[in-house]
There are 2 protein chains.
Amino acid sequence: MSRFLSNATNKIDAKGRVSVPAPFRSVLASMDVEELYCFQDFHFPAINIGGPELLARFERRLAELDPFTQEANDLSLLIHGGGVFVRLDKEGRLALTDFFRVHTGIEDEVTFAGRAEFFQLWRPDAFLAAQAAARAGLKLSGTSSR
Amino acid sequence: MSRFLSNATNKIDAKGRVSVPAPFRSVLASMDVEELYCFQDFHFPAINIGGPELLARFERRLAELDPFTQEANDLSLLIHGGGVFVRLDKEGRLALTDFFRVHTGIEDEVTFAGRAEFFQLWRPDAFLAAQAAARAGLKLSGTSSR
DNA sequence: TGGGCAAATTTGGGCGTCAATGGGAAAATC
DNA sequence: GATTTTCCCATTGACGCCCAAATTTGCCCA
């Protein structure tokens, strides 16, 4: 099974477009994904992107809840109201609307980060900071390679 | 199956009209919906909008309740007394009467938020706040996107 | 091993179409 | 008769589609 791995930083052009890294596009192609589901990450200032299955996963969880509860409302607000389907253009580029910029602080460059089943869009410096914080966290919890 | 997804913020013009986002209009068209049922959300300061089926859904819920309970009374009061049917104009715009403004605080801009089977009208800053609160709530209950 | 060529990828714009918005005029309502 | 609502059109800006340049990557061969 192919997964989204590694990271890359690309530029946003004057029209607000950015190329999705070719390795990621070939993973999408192997999954037969044309429509990309994007939503704001719950913890980080990042956008998560994957196939329709990503949304389906959340909807299965939602279906288990009583639709009139606050929890069901909150979850729907995030995955439906906070999510979009988008398509890439013929060159494999993504149009970055305000939807993507508001939660991430993205301005003129984007870092793509593979997360196995999906990938993320980050503001480059925020990604570096999150990585550093993650390393520090692992060290503190005693999982060290040294 | 098409659903209402994502969010967008549009301006209200001098006549109190606002364009319903094109993606939402095409979902309505695919459902053959001409008359929109609108009512005040139970949890949030927002107006919910969908087809007649949305009202039918609540009436089914109502039918399950003992009609003499407080809950049945409240539900009927909200979905019947607090609901209206409206139509869009030829450009796909909605006329925002006081009905829409009172419980939402909407003034000169509206955020449309997809909720799968229906969509919502929010005052923009209230929507952002509700999203943030929902994220915080899910965090505590262990629902993580990681 | 290194250079050089070829292919793929990223980046930059032109242009047409559609959506959002603004405003005037006609029609309906009170 | 006056106010509100609906229709119509005009402008603006965003987005998709197409093609071209520049940069990077990988491969082959000397």
Side-chain angles (χ1 to χ4, degrees), chain A residues 2 4-30 33-38 47 49 83-102 106-114 119 121-124 127, chain B residues 2 4-30 33-36 38 49 84-102 106-114 119-124 127:
Chain A
S2 56
F4 297 102
L5 285 182
S6 103
N7 67 83
T9 300
N10 288 342
K11 288 175 194 165
I12 301 175
D13 68 19
K15 294 163 96 173
R17 303 170 299 184
V18 64
S19 289
V20 174
F24 288 6
R25 296 204 308 263
S26 61
V27 173
L28 291 171
S30 75
V33 168
E34 293 276 329
E35 297 230 284
L36 304 179
Y37 173 65
C38 316
I47 300 285
I49 305 186
V84 231
F85 276 107
V86 300
R87 287 173 171 277
L88 304 183
D89 67 15
K90 277 208 169 168
E91 285 73 37
R93 283 181 288 195
L94 183 64
L96 293 183
T97 59
D98 283 343
F99 176 86
F100 294 92
R101 298 171 188 267
V102 170
I106 286 172
E107 285 171 3
D108 55 354
E109 285 194 335
V110 183
T111 294
F112 291 78
F119 62 89
L121 266 46
W122 288 81
R123 180 189 165 110
F127 175 70
Chain B
S2 57
F4 296 102
L5 277 186
S6 112
N7 66 81
T9 300
N10 288 343
K11 288 175 194 166
I12 302 175
D13 68 19
K15 297 182 182 177
R17 303 171 298 182
V18 64
S19 290
V20 175
F24 288 7
R25 297 204 307 262
S26 61
V27 173
L28 291 171
S30 76
V33 168
E34 294 277 329
E35 295 231 285
L36 304 178
C38 316
I49 304 186
V84 289
F85 277 103
V86 300
R87 286 174 171 276
L88 304 184
D89 69 15
K90 283 221 164 152
E91 283 73 40
R93 284 184 283 198
L94 183 64
L96 292 184
T97 59
D98 282 344
F99 172 82
F100 294 94
R101 298 171 189 267
V102 171
I106 287 172
E107 285 172 3
D108 55 354
E109 285 194 334
V110 183
T111 294
F112 292 78
F119 62 89
Q120 296 181 315
L121 302 188
W122 287 80
R123 180 189 165 109
F127 175 69

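So you know, we letter chains A, B, ... as the sequences are listed, proteins then strands, and number each from 1. Just so you know, these numbers use all the heavy atoms, side chains as well, and skip hydrogens, waters and symmetry mates.
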_Contacts of B:Phe100 that satisfy ring-ring contact (aromatic ring centres under 6.0 Å, His included) - sequence neighbours left out_ = none
_Can you classify the ring geometry of B:Phe112 versus B:Phe119 as parallel (below 30°), tilted (30 to 60°) or perpendicular (above 60°)?_
tilted
*Sequence neighbours excluded, which residues qualify as salt bridge (Lys or Arg N to Asp or Glu O under 4.0 Å) partners of A:Glu109?*
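Here no residue qualifies.
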*Outermost nucleotides of DNA chain D that come under 4.0 Å of a non-hydrogen atom of chain B*: D:dT6 to D:dC9
*To the nearest angstrom, how far is A:Asp108 atom CG from C:dT11 atom P?*
12 Å
*Counterpart residues, side chain to side chain donor-acceptor pair (under 3.5 Å), relative to B:Thr9 (two or more places apart)*: B:Thr111
Can you see which heavy atom on [X] is nearest to which on [Y], and at what distance?
{"X": "B:Arg123", "Y": "B:Ile106", "result": "N-CG1, 3.7 Å"}
{"X": "A:Ile47", "Y": "A:Cys38", "result": "CG2-CB, 3.9 Å"}
{"X": "B:Pro23", "Y": "B:Ser26", "result": "O-OG, 2.9 Å"}

*Heavy-atom distance under 4.5 Å between the side chains of B:Val110 and B:Asn10, does that happen here?*
no
_Main-chain N/O of A:Leu96 paired with A:Arg101 side-chain donor or acceptor, under 3.5 Å_ =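 Looks like yes, one N/O pair under 3.5 Å.
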*Is there a donor-acceptor pair under 3.5 Å between the side chain of A:Arg17 and the backbone N or O of A:Ile12?*
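Judged by distance alone, no pair lies under 3.5 Å.
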*Could you pick out which residue, A:Lys15 or A:Asn10, lies toward the 5' side of DNA chain C when each is mapped onto its nearest nucleotide?*
A:Asn10
_Members of residues 85-93 of chain A that approach DNA chain C, where some heavy atom sits under 4.0 Å away_ =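 Contacts with DNA chain C under 4.0 Å: A:Glu91, A:Arg93.
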*Enumerate the residues from residues 18-25 of chain B whose closest heavy atom to DNA chain C is under 4.0 Å, giving them by residue number; use none for an empty result.*
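The stretch gives B:Ser19, B:Val20, B:Pro21, B:Ala22, B:Arg25 as the residues lying under 4.0 Å from the strand, ordered by number.
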